[in-house]
Amino acid sequence: MLRADDLTYEHPPGPGQETPGGVRHVSLEIPRGGIVGILGPNGSGKTTLLRLMAGLIKPASGRVLLNGRDLASRSRREVAREIAVVPQETRLAFDFTVLEVVLMGRFPHLGAFQLEGDEDARLARQALEDTGTAHLAGRMFPTLSGGEKQRVIIAAALAQAAPVLLLDEPTASLDPGSQIEIAALLRRLNARRQVTLGVATHDLNFAASLCTSLVLLRQGRVAAAGPTSEVLTHEHIRTVYGVDADISFNERAGHLTVVPLARAGHH
Amino acid sequence: MPMRRRMAFTVLTFGGLAAAACLIAPLIGSTPLSLRRVFDGSVPFAENPDAQIFFVARLPRTLAAALVGASLAAAGVVFQALLRNPLATPFTLGVSAGAALGAMLAIIFPVGLAFAGVSSVPIASFAGALGAVAIVYALATVRRQGLSTTVLLLAGITLNAFFSSVILFIQYLADFTQTFRTVRWLMGDLDVGSYTPILAALPFMLVAFAAFSVLPRALNLLTLGADAAAARGVDVLRTQRLSFFSASLATGAAVSLGGPVGFIGIIVPHLVRLLVGSDHRIVLPAATLFGAAFLIACDTASRMVMAPMELPVGILTALIGGPFFLWLLLRRS
């Protein structure tokens with residue numbers, strides 16, 4: 001459904017990095033209804049790849065295809081009706097209520113001077129219910145906890161009614177309880193609303209609990225890709241993260257778990 | 001309340017306030033007027049001193065206050081949204097410093113730039129404002145293809161400091177009367193004398209407000225950040241450019257008409273947000289109308305407090321604005 005085709009985009013090295021950031025010759029596919037995790041250490045190009053796939057930045061070379069059509073040929077509004085994005089954190093410059101924030105998701109569906117109508121209000125309320133945040137509707141967004149904020153931003157993405165949802169480190173600044181909640185919410189949205197998910201994260205266990213397939217990035221290139229169980233191997237984790245890890249299936253969690261043991265010695 | 005009703009309610013209440021201010025302010029002064037006699041149709045205008053004082057002597061000043069107040073308040077709202085910074089003012093990006101430099105050059109080197117009945121000082125200050133806008137924009141876009149709001153802010157602050165030092169330097173070289181006139185200009189003065197300067201500034205303000213009318217929803221989304229706005233379908237660069245140029249135009253026109261009247265552009269937006277929330281579809285029209293009423297009230301008060309002497313209106317707004325600004329800072333932290 002959403003396909004990256006030989007994407008290259010480079011930017012100067014970030015703080016503490018020696019090699020330039022960005023991605024080089026990356027191809028991957030997020031199938032309809034799939035949950036694909038984009039994994040890699042800090043600076044491996046996860047966020048760049050996600051922004052490219054959302055059409056927020058233009059690749060130096062390569063294309064992003066949505067249902068076979070190049071994103072570059074479509075307007076911002078058109079793309080926003082198909083792809084919604086959830087960032088790691090959202091800070092408002094001014095105080096808006098939760099309901100107002102969720103209604104902002106309706107932007108790409110409204111004309112320049114058009115006001116939100118009954119249908120927009122209904123979709124916003126539905127999105128609030130589906131994310132378990134209906135009781136927060138009247139609260140000021142900045143007064144919410146990190147986990148609540150993230151669920152509201154996911155609600156805004158649902159109100160946007162885009163079939164694809166791309167999330168950039170959605171749980172990186174959340175406590176464990178909220179992380180589990182977000183993972184459960186995303187699985188539920190995928191199962192019930194058939195939302196296609198692309199999740200960039202460096203949390204291996206979060207990815208293992210959620211994703212059906214993974215793409216492992218290292219220095220802007222794809223190091224491994226495939227079903228979660230095939231990508232999460234001792235060898236891959238060693239190559240990409242430079243750590244020796246214990247990887248085993250946890251019966252109670254119902255998914256693979258990764259426990260880093262020690263920084264891997266050089267061969 | 002549905003959005004349509006909220007918008008109508010806002011325009012009616014704040015519009016009523018602005019209209020009342022426009023009608024009442026000219027009645028107040030050394031010669032008190034009666035509204036009934038001013039609008040007494042049975043007496044010809046030439047024989048009606050109340051109407052003459054109202055329409056010839058006092059109404060231009062009131063209308064100038066209304067336009068300057070409305071423009072600065074609306075520009076404040078737009079700059080705060082553009083820079084995603086509640087402490088931004090219409091003067092943050094150097095527009096007023098450019099205008100001040102222009103005005104001062106016209107005062108100290110009078111070359112008779114007058115055009116269509118408008119004297120050289122407002123024309124030069126408007127030109128100075130446009131010059132500052134061009135410099136700041138060029139600096140903010142020179143490095144990347146996008147518009148960096150961080151660079152915009154830094155360029156504006158640097159330009160403010162640079163222009164201020166140039167102003168001090170020229171003042172140092174100028175003689176005493178010229179220096180006094182420039183200092184007096186910096187305090188703001190809404191006593192425009194006739195309708196001509198108002199009519200000269202009005203077209204620029206109207207263009208700016210036409211641009212403001214398409215901005216509010218995009219400004220709401222910019223609150224979430226540039227990337228989040230873009231991901232929801234906002235053409236961020238277009239919105240930023242339109243915001244920057246229209247708010248700068250409104251500021252430049254307002255400053256050339258009434259001088260750099262401070263703090264209106266930050267007090268009014270925040271008072272309005274306290275009353276009506278943050279949705280720019282409500283805040284922008286409310287701040288426009290409330291800004292008009294607020295500056296008319298300040299100007300009337302500045303005529304009254306030391307009568308028969310007048311206090312420059314900029315001093316009064318700064319006296320109110322300084323503590324307000326501090327309160328805002330402390331409340332946020």
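Lettering of chains follows the sequences in order, A, B, ..., and the numbering in each one begins at 1. Worth saying up front: this structure is predicted, and the values here are computed from it rather than measured.
- Of the possible donor and acceptor atoms, none in the side chain of B:Thr223 sits under 3.5 Å from a partner among the backbone N and O of A:Phe94.
- When A:Gly105, A:Pro108, A:Gly55 are compared by the number of non-hydrogen pairs under 4.5 Å with chain B, A:Pro108 comes out ahead.
- At a 4.5 Å heavy-atom cutoff, the contact between B:Val234 and chain A is made by backbone and side-chain atoms alike.
- Aromatic pair B:Phe79/B:Phe91: ring centres not closer than 6.0 Å.
- With chain A as the partner, the residue from B:Asp235, B:Leu222, B:Val214 showing the most heavy-atom pairs under 4.5 Å is B:Val214.
- Note that OG1 of B:Thr251 is 9.5 Å distant from CE of B:Met205, once rounded to the nearest 0.5 Å.
- Using a distance-only test at 3.5 Å, with no hydrogens or angles considered, no donor-acceptor pair links the side chain of A:Glu169 to the main chain of A:Thr201.
- With hydrogens and angles disregarded, no donor-acceptor distance shorter than 3.5 Å links the side chain of A:Glu82 to the backbone of A:Leu66.
- A:Ile83 touches chain B through its backbone: at least one of N, CA, C or O sits under 4.5 Å from a heavy atom, while the side chain does not.
- Near-neighbour residues of residues 71-79 of chain A relative to chain B, defined by a heavy atom under 4.5 Å from a heavy atom of that chain, comprise A:Arg76, A:Arg77.
- Interface residue A:Gln114: only backbone heavy atoms are found under 4.5 Å from chain B.
- Within the 3.5 Å criterion, the main-chain N or O of A:Gly132 finds a donor-acceptor partner in the side chain of A:Arg151.
- Between chain A and the residues B:Arg84, B:Gln80, B:Met7, B:Arg217, the most heavy-atom pairs under 4.5 angstrom are made by B:Arg217.
- Only the backbone of A:Ala112 comes within contact range of chain B, with heavy atoms under 4.5 Å apart.
- One N or O on the side chain of B:Asn160 and one on the backbone of B:Thr92 form a donor-acceptor pair closer than 3.5 Å.
- A:Asp168 pairs by the side-chain hydrogen bond (donor to acceptor under 3.5 Å, both in side chains) definition with A:Thr47, not counting sequence neighbours.
- Side chains of A:Tyr9 and A:Arg24: a donor-acceptor N/O pair is absent below 3.5 angstrom, by distance only.
- Taking the side chain as every heavy atom from C-beta outward, A:Val199 and A:Phe206 approach each other to under 4.5 Å.
- Heavy atoms of A:Phe107 lying under 4.5 Å from chain B belong to its backbone as well as its side chain.
- For A:Arg81, no part lies under 4.5 angstrom from a heavy atom of chain B.
- Residue B:Ala228 does not touch chain A at all, counting heavy-atom pairs closer than 4.5 Å.
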